[in-house]
Amino acid sequence: MRFLGIDYGHKRIGLAISDPSAALAFPYEVLQVNDTTPGRIADICKKELVNGIVMGESKNFKGQENTIMKEARLFAEMLKVLTDLPVSFEPEIMSTIQAERLQGRADQQKKTIDASAAAVVLQSFLDRHMMGNGADMAIEED
């Protein structure tokens with residue numbers, strides 16, 4: 001099973017992809033948000049033989065959804081229609097800060113930080129859902 005991770009933002013969307021065994025997540029690409037972004041993600045899902053999509057669920061420290069979540073949920077619904085794949089949300093807290101710690105903060109690396117944040121979210125999902133060799137992993141639709 002292969003999963004696509006998404007770190008959703010107003011200006012940029014970070015993408016990560018799992019290995020075919022769904023054990024490890026890797027930064028994939030950063031897309032600028034525009035009208036073609038959903039179609040581009042659908043194309044990536046086809047090309048990479050993705051079985052499910054995992055998006056970061058952004059909440060504040062009180063556990064309440066951040067303002068971006070309304071937009072992210074609409075985007076998730078659009079992706080479900082375009083890809084015919086299940087979309088699940090994985091709680092994310094400070095994924096960008098975690099990615100910066102792992103990747104560093106050099107100017108050239110800032111261009112890829114959103115993809116690294118998506119990898120942090122996706123790896124969290126994979127770690128929580130791995131059972132044995134991953135054969136029992138299933139994505140939960142929201």
Side-chain angles (χ1 to χ4, degrees), residues 1-131 134-142:
M1 293 194 99
R2 180 166 264 177
F3 292 90
L4 183 77
I6 297 179
D7 181 48
Y8 183 84
H10 293 292
K11 296 179 184 178
R12 292 177 312 278
I13 293 177
L15 302 178
I17 196 152
S18 74
D19 67 321
S21 68
L24 297 172
F26 301 95
Y28 186 82
E29 186 174 351
V30 177
L31 302 176
Q32 297 299 315
V33 174
N34 59 45
D35 293 340
T36 65
T37 305
R40 174 80 175 108
I41 293 173
D43 290 343
I44 291 168
C45 288
K46 280 184 188 174
K47 174 185 166 195
E48 299 295 343
L49 304 175
V50 169
N51 302 98
I53 299 170
V54 178
M55 291 182 63
E57 182 178 45
S58 184
K59 293 184 177 184
N60 62 26
F61 289 113
K62 293 181 181 179
Q64 301 163 327
E65 287 190 354
N66 289 330
T67 56
I68 198 167
M69 278 309 298
K70 182 177 180 182
E71 192 177 316
R73 289 194 187 283
L74 290 173
F75 191 78
E77 289 301 319
M78 189 182 318
L79 289 179
K80 282 182 190 179
V81 171
L82 286 174
T83 64
D84 198 30
L85 293 172
V87 178
S88 184
F89 283 89
E90 176 69 13
E92 68 162 308
I93 296 177
M94 300 176 14
S95 59
T96 301
I97 292 170
Q98 287 177 308
E100 285 176 348
R101 285 185 184 153
L102 293 170
Q103 179 176 303
R105 297 183 80 179
D107 287 338
Q108 62 193 17
Q109 293 170 326
K110 286 183 183 180
K111 295 176 185 175
T112 61
I113 200 72
D114 296 310
S116 293
V120 168
V121 171
L122 181 55
Q123 190 64 57
S124 174
F125 173 86
L126 297 174
D127 291 346
R128 283 186 337 105
H129 289 83
M130 285 301 292
M131 296 181 153
D136 297 329
M137 183 189 290
I139 193 165
E140 302 165 9
E141 285 192 63
D142 258 356

Pick out which of Val120, Leu122, Asp114 makes a side-chain contact (heavy atoms from CB on, under 4.5 Å) with Asp7. Asp114
Heavy-atom closest pair, residues Lys47 and Tyr28: NZ-OH, 3.7 Å
Please say whether the positively charged group of Arg73, taken as NZ for Lys or CZ for Arg, lies over the ring of Tyr8, i.e. under 6.0 angstrom from the six-membered ring centre and within 45 degrees of the axis. no
Please check: side-chain N/O of Arg2 versus main-chain N/O of Ser18, any donor-acceptor pairing under 3.5 Å? yes
Atom pair CG (Asp19) and CZ (Phe3), whose distance is rounded to the nearest 0.5 Å: 11.0 Å
What is the minimum heavy-atom distance between Ala16 and Ala115, and which atoms define it? CB-O, 4.0 Å
dist Asn66:CG -> Glu57:CD (nearest 0.5 Å) comes out at 10.0 Å
Report yes or no: does Gln123 contribute a side-chain atom to a donor-acceptor pair with the main-chain N or O of Ala25 at less than 3.5 Å? yes
Working to the nearest 0.5 angstrom, can you tell me the gap between Phe26 CZ and Ile17 CD1? 10.5 Å
Any Leu31 side-chain heavy atom under 4.5 Å of Leu15 side chain: yes
My understanding is that only residues two or more places apart in sequence, or in another chain, count here; which of them pass side-chain contact (heavy atoms from CB on, under 4.5 Å) with Asn34? Thr36, Thr37
Rounded to the nearest 0.5 Å, how far does CG of Leu82 lie from CD1 of Ile53? 9.0 Å
Evaluate the criterion side-chain contact (heavy atoms from CB on, under 4.5 Å) for residue pair Leu126 and Leu24; output intermediate values, then yes/no. CA-CA 7 Å; Leu126 297 174; Leu24 297 172; 5.8 Å; no
Met78 CE to Ile41 CD1 distance, which is reported to the nearest 0.5 Å: 9.5 Å
Straight-line distance of Leu4 CG to Glu29 CD, nearest 0.5 Å: 10.0 Å
Of the non-hydrogen atoms in Val121 and Glu90, which two are nearest, and what is the gap between them? O-CG, 3.6 Å
Pairwise side-chain contact, Val33 with Lys11, heavy-atom cut-off 4.5 Å (strictly under): no
How about Leu85 and Cys45: do any of their side-chain heavy atoms sit closer than 4.5 Å? yes
Between Gly5 and Ala118, which heavy-atom pair has the shortest distance, and what is it? O-CB, 3.8 Å
If we only count heavy atoms from C-beta on, is the Val54 to Phe89 side-chain gap below 4.5 Å? no
Might you point out which heavy atoms bring Ala76 and Met55 nearest each other, and give the distance in Å? CB-SD, 3.6 Å
